[in-house]
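The structure appears below as structure tokens.
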Amino acid sequence: QVQLVESGGGLVQAGGSLRLSCAASALTDSRYAMGWFRQAPGKERRFVGTIASSSDTTVYADSVKGRFTISRDNAKNTMYLQMNSLTPEDTAVYYCATRSPYSTYWEEGSYDYWGQGTRVTVSS
């Protein structure tokens, strides 16, 4: 069974950086895309960004564009989220997920497997 495990969350001051990791196991389809979502306290889970299987295509939500960077190491079955210039509005639980390559990247329903989430707290 596919398992995704996020790590790297924590407490950081505004303006700081964090790098999240998402390690995937038991994935047999090399074509899968991956994505990051986040859920702030009291709010719905929202799309953050996605990366194609070959790492040649990334898409980001407007709220993180220019500050966050998604990358992946297919040899390690690991995806990363580099977060810079963090603000308190970035405080959330961050989830990674996988989807088939031709699905709608911004919709939660397109994603098949999810991690348990890692909490990021940005203090002002």
Side-chain angles (χ1 to χ4, degrees):
Q1 184 174 349
V2 175
Q3 287 189 325
L4 303 176
V5 178
E6 301 97 335
S7 61
L11 174 64
V12 63
Q13 289 188 334
S17 299
L18 277 176
R19 189 176 84 151
L20 306 183
S21 299
C22 172
S25 62
L27 277 169
T28 58
D29 187 352
S30 61
R31 303 171 302 160
Y32 66 91
M34 299 186 76
W36 288 97
F37 284 74
R38 67 184 181 184
Q39 186 168 21
K43 296 187 177 181
E44 296 181 348
R45 189 157 57 183
R46 296 197 174 196
F47 170 78
V48 172
T50 187
I51 185 167
S53 58
S54 59
S55 302
D56 60 348
T57 303
T58 53
V59 181
Y60 300 95
D62 288 343
S63 58
V64 306
K65 199 173 296 182
R67 300 187 299 122
F68 289 12
T69 302
I70 297 174
S71 61
R72 62 190 288 175
D73 184 338
N74 288 338
K76 297 181 179 180
N77 275 345
T78 301
M79 175 178 64
Y80 305 97
L81 179 64
Q82 177 66 45
M83 305 186 294
N84 299 327
S85 302
L86 286 163
T87 74
E89 287 67 39
D90 296 315
T91 294
V93 177
Y94 285 72
Y95 299 89
C96 67
T98 64
R99 62 176 175 87
S100 61
Y102 305 111
S103 56
T104 309
Y105 62 82
W106 63 87
E107 294 181 340
E108 282 192 55
S110 296
Y111 292 78
D112 303 312
Y113 299 100
W114 293 81
Q116 82 290 347
T118 185
R119 186 174 301 276
V120 172
T121 303
V122 184
S123 63
S124 58

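Index from 1, following the sequence.
The side-chain heavy atoms of R45 and W114, taken from C-beta on, include a pair separated by under 4.5 Å. Contact check for Y60 versus T69: side-chain heavy atoms found under the 4.5 Å cut-off. Side-chain contact check for V12 versus M83: every heavy-atom pair is 4.5 Å or farther apart.
The distance from the CZ atom of R72 to the SG atom of C22 is 9.5 Å, given to the nearest 0.5 Å. Going from atom CD of Q82 over to atom CG of L18 covers 8.5 Å, rounded to the nearest 0.5 Å. Considering CG of N77 and OG of S25, their distance stands at 8.0 Å, rounded to 0.5 Å. Distance OH/Y32 to CG/D112: 12.5 Å, rounded to 0.5 Å. T98 contributes atom OG1, which lies 9.0 Å from atom CE of M79 (distance to the nearest 0.5 angstrom). With rounding to the nearest 0.5 angstrom, the OG1 atom of T118 is 7.5 Å from the CH2 atom of W36.
Between L11 and S123, the closest heavy-atom pair is CD1-CB, 4.3 Å. Among all heavy-atom pairs drawn from L86 and R67, the shortest one is CA-NH1, 3.9 Å. Between S124 and P88, the shortest heavy-atom distance links the atoms CB-CG, 3.9 Å. Considering every non-hydrogen atom in both R31 and P101, the closest pair reads O-CB, 3.4 Å. Between R38 and V48 the shortest heavy-atom distance is CG-CG2, 3.5 Å. Pairing each heavy atom of S21 with each of T78, the nearest pair is CB-CG2, 4.4 Å.
The neighbour count for Y113 OH, taken as heavy atoms of other residues, nucleotides or ligands under 6.0 Å away, does not exceed 12. Atom CD of Q3 has 12 or fewer heavy atoms from other residues, nucleotides or ligands within 6.0 Å. Heavy atoms from other residues, nucleotides or ligands lying under 6.0 Å from CD of E107 number more than 12.
At distances below 3.5 Å, at least one donor-acceptor pair connects side-chain atoms of S110 with backbone N or O atoms of T104. In this structure a side-chain-to-backbone donor-acceptor pair under 3.5 Å is present from N74 to S53.
No continuous path of ILVMFWY side-chain contacts below 4.5 Å connects V93 to V122, so the two sit in separate hydrophobic clusters. Following chains of ILVMFWY side-chain contacts shorter than 4.5 Å, one cannot reach V5 starting from I51, and the two form parts of different hydrophobic clusters. One hydrophobic cluster, built from ILVMFWY side chains closer than 4.5 Å, cannot hold both L81 and Y95; they sit in different ones. Note: the hydrophobic cluster containing V64 also contains L20 (ILVMFWY, side chain heavy atoms under 4.5 Å, direct or indirect links).
Ring to ring, F37 and Y111 are close: their centroids are under 6.0 angstrom apart.
R99 is linked by a salt bridge (charged side-chain N to carboxylate O under 4.0 Å, His left out) to nothing, counting only residues two or more places apart in sequence or in another chain.
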Please report the C-alpha distance between T50 and W106 in whole Å, then the side-chain angles of each, then the deciding distance to 0.1 Å, and finally whether the side chain to side chain contact (heavy atoms under 4.5 Å, CB included) criterion is met. CA-CA 8 Å; T50 187; W106 63 87; over 6 Å; no
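Using bins of under 30°, 30° to 60° and over 60° for the plane-to-plane angle, the ring pair Y94/F68 lands in the tilted bin.
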